[in-house]
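Each remark here refers to the structure printed beneath this line.
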Amino acid sequence: MISKSIAERMDKGSWIRKMFEEGGRLKALYGAENVFDFSLGNPDLEPPVEVLNAIRELAADPTPGLHGYMSNAGYLSTRQAVAGLVSRRSGLDVPASAVCMTVGAGGALNVALKAILDPGDEVIILAPYFFEYTSYTGNHNGVPVIVSCDRETLLPDFDAIRRAITPRTKALILNSPNNPSGVIYPAESLIQLDALLKEAPRTIYVLSDEPYNELVFDNQAVPDTMAHISNAIICTSWSKSLSLAGDRIGYLAVSPRCEDFDRLIDAVPFCNRTLGFVNAPAFFQRVVEKAIHARVDIKKYEERRDLLLRVLRDAGFEVNCPAGGIYLFPRSPIEDDVAFAQACAKHNVTLVPGTGFGFPGYVRLCFATSRETILGSARAFRIIGREFGLN
Ligand SMILES: Cc1ncc(COP(=O)(O)O)c(C=O)c1O
């Protein structure tokens, strides 16, 4: 028999998966070209040429021992390259010893939580949020505490965060650019958050989940979390910025200003090993080291964002232009976002209700999909808009 807690979590399920499976069912019934699937956040651009060249070059390297274990934190040369990147961004002197290569951002978050949580410790999660955060927290016997962002600006609500802090609060997970809202938290928000957390009865670590850090549009910049927040632990990956989601490569970087820095940087590789990750994939550590300054062609995502924005606005939807990420997050025209998502599926359009991100009243659409899908959906969205009195 499987564990009660896992059975419970599986029952709650992921709305992303449910809607993706609904898309698959509709495609089997009506043909893929007649279904407009905006459910799953799977980057659909190919990795950049620097990555493909690095893969070819490294695959031909005859040096013996390249496929063996290495230090649990990863190759020193890769960690030095990452430390250089993080130091430049933050303006701090981040040593290679503060960097641990991980199995994606998901691996980094699990390692960080494992390293800092005692049973019953609370983790503040700002909604809307990536749904796995609650499971990741539960994996390490933590208690997720969901705090909604402001319903209009989708920025952190500092009064609500203040009210949520207790003597058991040990961490807060921050995700900017945000999945699903596409909002980038401005520097003032980070500064205010740092000040607020410093009032807490004990140290609260900020786990900064930043896989969309490089996917920002209109030449905007993402204020650096480590630069503004003292107890920051960066948990991120190249899943989106290099389209390497399936290759599971990311990193964790501990700010040199973190409380208990020396113990923390020893605990992190220990947790990487004992969680069974052991180390991040060897081959892709070498690939990202070679392609550390590359990224996918953002212009292509920007074009699709603009195209889908136009389709939705023409159909009468109220939707903000996302600053980063690969999602649009319009308001649901009815309060019940789950019912709205189900109504869309009747027109062969699959999207994810905001409820799946702890933020009802909105829906999420991933625009990392083909132009044909986006353009093809226009008619269905006009009909849906009419059905809900939007046009
Ligand atoms: C906000 C957020 N965090 C973490 C992840 C997981 O990233 P990775 O594939 O690098 O584990 C995702 C994946 O979609 C995400 O959207």
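Sequential numbering from 1 along the given sequence is applied to the chain's residues. Atoms within each ligand, like the ligands themselves, are counted from 1 in listed order. Because only heavy atoms are used, hydrogens play no part in the values below, and waters and symmetry mates are left out as well, while side chains stay in.
Ranking the protein heavy atoms by distance from atom 9 (O) of ligand 1 puts R248 NH1, 2.8 Å first. In this structure, atom 12 (C) of ligand 1 lies nearest to the protein heavy atom F130 CZ, 3.5 Å. Scanning the protein for heavy atoms near atom 14 (O) of ligand 1, the closest one is K240 NZ, 2.9 Å.
With respect to R331 and E152, a salt bridge is recorded, a charged nitrogen being found less than 4.0 Å from a carboxylate O.
Close approach of ligand 1 to N179 is summarised as follows: ligand atoms under 4.0 Å from at least one heavy atom of the residue are 1 (C), 15 (C), 16 (O). Close contacts of ligand 1 with G104, meaning ligand atoms under 4.0 Å from a residue heavy atom, involve 10 (O), 11 (O). Residue G106 has at least one heavy-atom neighbour below 4.0 Å for each of these atoms of ligand 1: 8 (P), 11 (O). Close approach of ligand 1 to N175 is summarised as follows: ligand atoms under 4.0 Å from at least one heavy atom of the residue are 1 (C). Using a 4.0 Å cut-off to heavy atoms of S239, the atoms of ligand 1 that qualify are 8 (P), 9 (O), 10 (O). Heavy-atom proximity to S237, at under 4.0 Å, picks out these atoms of ligand 1: 10 (O).
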Quiz item: Is there a salt bridge (charged side-chain N to carboxylate O under 4.0 Å, His left out) between R310 and D306 once you walk through the steps?
Solution: CA-CA 6 Å; R310 191 147 16 99; D306 293 345; over 6 Å; no
Quiz item: Stepwise, does the salt bridge (charged side-chain N to carboxylate O under 4.0 Å, His left out) test hold for E210 with K240?
Solution: CA-CA 10 Å; E210 345 186 307; K240 319 283 166 168; over 6 Å; no
Quiz prompt | Criterion salt bridge (charged side-chain N to carboxylate O under 4.0 Å, His left out) on R263 and D266, from CA distance to verdict | solution = CA-CA 5 Å; R263 296 276 289 158; D266 280 349; 5.9 Å; no
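Residue contacts with ligand 1 leave out E132, since none of its heavy atoms falls under 4.0 Å from the ligand. Residue contact annotation: Y133 has a non-hydrogen atom under 4.0 Å from ligand 1.
No option in V206, L109, L264 other than L264 meets the side-chain contact (heavy atoms from CB on, under 4.5 Å) test with I233.
Y251 and W238 have tilted rings, their planes meeting at an angle from 30° to 60° on a 0 to 90° scale.
For the residue pair R295/N213, the side-chain donor-acceptor check at 3.5 Å is not satisfied. Judged by distance alone, the side chains of S90 and D224 never bring a donor and an acceptor atom under 3.5 Å apart.
The proximity of Y136 to ligand 1, defined as any non-hydrogen pair under 4.0 Å, does not occur for either the backbone or the side chain. By the criterion of a heavy-atom distance under 4.0 Å, neither the backbone nor the side chain of A245 is placed next to ligand 1.
In this structure, R313 forms no cation-pi arrangement with F381, as its terminal cationic atom is not both closer than 6.0 Å to the ring centre and no more than 45° off the ring axis.
One option in D209, V103, I326 has a heavy atom closer to atom 1 (C) of ligand 1 than any other, and that option is D209.
For ligand 1, one of its N or O atoms has an N or O atom of Y212 under 3.5 Å away. Considering backbone and side-chain N/O of A105, one or more are found under 3.5 Å from N/O of ligand 1.
Applying the side chain to side chain donor-acceptor pair (under 3.5 Å) rule to D150 yields the partners T153; only residues at least two apart in sequence or on another chain are considered.
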